[in-house]
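Residue numbers begin at 1 in each chain, while the letters A, B, ... track the order of the sequences. Values below: all heavy atoms of this structure, side chains included; hydrogens, waters and symmetry mates excluded.
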2 protein chains.
Amino acid sequence: MADRNATNLMGRGESLLFLTDDQLRRAIEAMFFAYRGFTADPDRILHDYGYGRAHHRAIHFINRSPGTTVNNLLSILGVTKQSLNRVLRTLVEDGLVDSRVGIRDKRERHLHLTEKGNALERALSEAQRTRMRDAFRNAGPDSVAGFRAVLEQMMDPDMRRHYLNGGDGPR
Amino acid sequence: MADRNATNLMGRGESLLFLTDDQLRRAIEAMFFAYRGFTADPDRILHDYGYGRAHHRAIHFINRSPGTTVNNLLSILGVTKQSLNRVLRTLVEDGLVDSRVGIRDKRERHLHLTEKGNALERALSEAQRTRMRDAFRNAGPDSVAGFRAVLEQMMDPDMRRHYLNGGDGPR
DNA sequence: AGTTTAAGTCAGCCTTGTTGACTTTCCAAG
DNA sequence: CTTGGAAAGTCAACAAGGCTGACTTAAACT
């Protein structure tokens with residue numbers, strides 16, 4: 001009876017694990033509640049600036065890849081260009097982001113954070129890093145690898161590519 | 001120099017771990033991309049019904065605690081009652097949720113899923129469980145505990161209470 | 001020269017968050 | 001017993017940020 005709703009999880013042959021539907025439900029709720037905590041600190045900071053999560057996402061990925069184009073940002077964020085453009089426009093108007101016409105291809109705009117933009121980015125990421133550090137510390141060092149491994153597997157393949165390429169990966 | 005941006009993570013004294021700001025940034029992006037994957041399947045299903053994530057959340061927690069009140073749902077979801085009410089109204093109108101006036105306290109409404117509501121809940125949670133199961137399988141069984149531990153630590157304390165009490169916990 | 005691509009704009013729609021004003025119900029103090 | 005406040009829920013209106021579709025401009029490719 002109970003076996004009906006259980007899943008046989010065979011890893012690399014190391015061990016054996018049964019997960020009931022109820023245990024999976026708990027994991028699903030863990031994602032939900034954790035993501036709320038994960039975004040709570042930045043949300044508070046952004047609210048003071050009159051910005052939202054969309055602004056945060058743009059700022060984060062411009063900081064990660066300075067000089068990135070609008071099109072590249074679109075494929076990472078997975079939103080429409082109209083939606084991104086609205087956010088980007090306010091950031092440029094407010095002097096947080098610099099949009100430079102491309103040298104090789106003048107159709108492209110290369111995006112950079114200004115000093116002001118960098119300041120906000122640091123405030124946001126510092127809050128989020130602190131939350132992440134504390135979570136890792138409280139969970140114990142052994143938890144880090146599993147956390148990362150499961151999250152990576154939960155991504156859609158296209159997004160996993162962006163994740164793996166991010167930062168210092170192959171250009 | 002490199003030590004400036006590194007964090008000494010001492011767990012239960014078992015091992016020692018240094019996390020650079022860049023590694024923390026990767027973990028932050030992992031959360032972002034993974035959450036997108038996590039919600040992708042339900043989002044597609046909901047779209048066919050003309051519903052959004054807010055409807056999903058309501059359905060999920062009504063299913064978890066049948067007969068729960070609007071107020072209780074509010075404290076779990078962390079939105080305003082006006083916002084929840086709009087979602088709840090459409091679900092009741094569409095015959096997915098049953099809202100019964102309280103017997104002891106007539107101010108309260110007790111919420112239950114109808115058969116139709118249960119059908120949608122099953123479709124949504126089945127998709128999400130499949131994603132979660134596959135992620136666990138691909139990451140390996142040893143990853144499960146760490147994944148759960150870190151997520152639990154990432155929650156705000158108030159939300160952690162809801163998480164721990166969820167389902168079969170103390171009433 | 002003609003087509004495709006990158007970026008941006010305008011208009012309009014939907015979901016889902018917000019605040020403020022309101023009703024109904026309950027309960028407790030006078 | 002009544003009255004006044006608190007609590008649960010509802011209605012209205014607004015804003016952020018998703019979406020689609022149609023269109024322009026400029027540059028690049030073929």
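Between the side chain of B:Gln82 and the base of C:dG20, a donor-acceptor pair under 3.5 Å is found.
Residue pairs meeting the salt bridge (Lys or Arg N to Asp or Glu O under 4.0 Å) criterion with at least one partner in residues 147-161 of chain B, sequence neighbours excluded, are A:Arg131-B:Asp156. Applying the salt bridge (Lys or Arg N to Asp or Glu O under 4.0 Å) definition to pairs two or more places apart or across chains, none involves residues 74-95 of chain B.
Rounded to the nearest 0.5 angstrom, B:Met154 CE and A:Met31 CE are separated by 8.0 Å.
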Every protein N/O within reach of nucleotides 14-16 of chain C N/O, cut-off under 3.5 Å:
unit_1	atom_1	unit_2	atom_2	d
C:dT15	OP1	B:Gly50	O	3.2
C:dT16	OP1	B:Arg53	N	2.5
C:dT16	OP1	B:Ala54	N	3.0
C:dT16	OP2	B:His55	ND1	2.9

What protein N or O atoms touch nucleotides 22-27 of chain C N or O atoms at under 3.5 angstrom, if any, and at what distances?
unit_1	atom_1	unit_2	atom_2	d
C:dC26	OP1	B:Lys106	N	2.8

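The footprint of chain A on DNA chain D, defined by a heavy-atom cutoff below 4.0 Å, extends from D:dG17 to D:dA28.
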From CA spacing to verdict: side chain to side chain contact (heavy atoms under 4.5 Å, CB included), B:Asp98, B:Leu111: CA-CA 6 Å; B:Asp98 190 23; B:Leu111 305 168; over 6 Å; no
Audit row: A:Gln128, A:Asp41, side chain to side chain contact (heavy atoms under 4.5 Å, CB included) steps and yes/no: CA-CA 7 Å; A:Gln128 223 157 12; A:Asp41 305 318; over 6 Å; no
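The residue A:Gly78 sits close only to the backbone: its heavy atoms come under 4.0 Å of sugar-phosphate atoms, none of a base.
In this structure A:Thr90 satisfies the side-chain hydrogen bond (donor to acceptor under 3.5 Å, both in side chains) test together with A:His55, sequence neighbours excluded.
At a cut-off of 3.5 Å, with distance as the only test, a side-chain donor of B:His60 or A:Glu29 sits close to an acceptor on the other residue. Between B:Arg109 and B:Thr69, the side chains place no donor N or O within less than 3.5 Å of an acceptor N or O (distance only, hydrogens not considered).
We find that CG of A:Leu88 is positioned 10 Å from P of C:dT9, with the value rounded to whole Å.
A:Tyr35 has its ring centre no less than 6.0 Å from the ring centre of B:Phe38. Between B:Phe32 and A:Tyr163, the gap from one ring centroid to the other reaches at least 6.0 Å.
Contact check, A:Asn85 against C:dT9: a side-chain N or O comes under 4.0 Å of OP1 or OP2.
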